[in-house]
Amino acid sequence: MKLTVFQPETVCLDESVTKVVAQGPEGAFGLRPRHLDMAAALSPGILAYWTPDGAEHFLAVNGGILVKQGETVQVATQMAVPGELGAIQAAVRRFVTDMDDRERQTRAVVARLEADFIRRFVEFGKNA
């Protein structure tokens with residue numbers, strides 16, 4: 001199979017593989033060349049793949065979409081970090097922490113927008 005991993009501005013990985021194991025919302029799943037075509041959402045975690053020489057490789061992804069079609073497996077993700085398993089576990093922890101921080105920041109911005117809307121609505125009612 002051909003595994004290609006896309007990030008917004010680059011192709012992170014383009015390699016021949018014999019097997020891919022990824023994490024979805026329902027748990028881990030594996031793909032081999034003769035499996036049925038499919039599409040799946042990916043959860044933040046470790047994507048493992050094996051090259052034809054039998055070597056196992058790892059890629060930390062912060063979620064994304066995986067599509068298997070025929071002999072190709074394509075992954076689209078915002079961020080991917082290749083490396084040894086121990087080193088990329090720290091990258092996965094950073095992904096989760098960054099997502100939590102972004103969600104907190106987003107909630108704070110929405111709260112400010114709501115407060116501003118209510119303030120303006122009350123002012124509008126006073127002037128009407």
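Keep in mind the model is a prediction, meaning the values are calculated, not measured.
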| Hey, what else clusters with Val67 if you join Ile, Leu, Val, Met, Phe, Trp, Tyr whenever side-chain heavy atoms sit under 4.5 Å? | Ile65
| query | Going only through I, L, V, M, F, W and Y residues with side-chain contacts under 4.5 Å, is there a path from Leu13 to Val61? | reply | yes
| For the student: nearest non-hydrogen atoms of Leu31 and Met38, plus distance | CD2-SD, 3.4 Å
| query | When rounded to the nearest 0.5 angstrom, what distance separates CD in Glu56 from CD in Glu84? | reply | 10.0 Å
| request: Any chance you could lay out the side-chain contact (heavy atoms from CB on, under 4.5 Å) test for Val11 and Val5, step after step, and finish with the verdict? | output: CA-CA 6 Å; Val11 174; Val5 178; over 6 Å; no
| request: Start with the C-alpha gap between Leu47 and Val20, add the side-chain angles, then the distance that decides, and say whether side-chain contact (heavy atoms from CB on, under 4.5 Å) holds. | output: CA-CA 7 Å; Leu47 184 138; Val20 175; 4.2 Å; yes
| query | Does a sphere of radius 6.0 Å around CD in Gln78 hold more than 12 heavy atoms from other residues, nucleotides or ligands, not counting ones at 6.0 Å or beyond? | reply | no
| note | All heavy atoms of Val75 vs all of Leu42, minimum pair found to be CG1-CD1, 3.6 Å
| request: Using atom types as modelled and distance alone, determine if a side-chain donor or acceptor of Thr72 lies under 3.5 Å from a backbone N or O of Gln69. | output: yes
| N/O donor-acceptor pair under 3.5 Å between Asp37 side chain and Gly70 backbone | yes
| note | Rounding to 0.5 Å, atoms CZ (Arg32) and CE (Met1) come to a distance of 8.0 Å
| query | What residues form a side-chain contact (heavy atoms from CB on, under 4.5 Å) with Glu26, not counting sequence neighbours? | reply | none
| Distance, nearest 0.5 Å, that separates CG of Leu59 from NE2 of His57 | 11.0 Å
| field | Thr77 side chain to Gly63 backbone, donor-acceptor under 3.5 Å | value | yes
| request: Indicate the atoms forming the closest heavy-atom contact of Ala80 with Cys12, along with that distance. | output: CB-SG, 3.9 Å
| said: Looking at every non-hydrogen atom in both residues, tell me the closest pair between Ser43 and Gly24 and how far apart they are. | reply: OG-C, 3.2 Å
| query | Where do Val122 and Lys126 land on the side-chain contact (heavy atoms from CB on, under 4.5 Å) test, with the steps shown first? | reply | CA-CA 6 Å; Val122 168; Lys126 287 180 185 177; 4.0 Å; yes
| note | Closest heavy-atom pair, Leu66 versus Ala22, reported as atoms and distance to 0.1 Å, is CD1-CB, 4.3 Å
| Which residues satisfy the side-chain hydrogen bond (donor to acceptor under 3.5 Å, both in side chains) test with Arg119, sequence neighbours excluded? | Asp116, Glu123
| Ignoring hydrogens and geometry, is there a side-chain-to-backbone donor-acceptor pair from Asn62 to Met79 under 3.5 Å? | yes
| request: Decide side-chain contact (heavy atoms from CB on, under 4.5 Å) for Ile46 and Leu85; before the verdict, give the C-alpha distance in whole Å, the side-chain angles of both, and the deciding distance to 0.1 Å. | output: CA-CA 8 Å; Ile46 306 295; Leu85 189 56; 4.2 Å; yes
| Interatomic spacing from CD in Glu71 to CZ in Arg34 - rounded to 0.5 Å | 9.0 Å
| said: For His35, is there any backbone N or O sitting under 3.5 Å from a side-chain donor or acceptor partner on Lys68? | reply: yes
| message | For Tyr49 versus Phe58, what's the shortest heavy-atom pair and its separation? | response | CE2-N, 4.4 Å
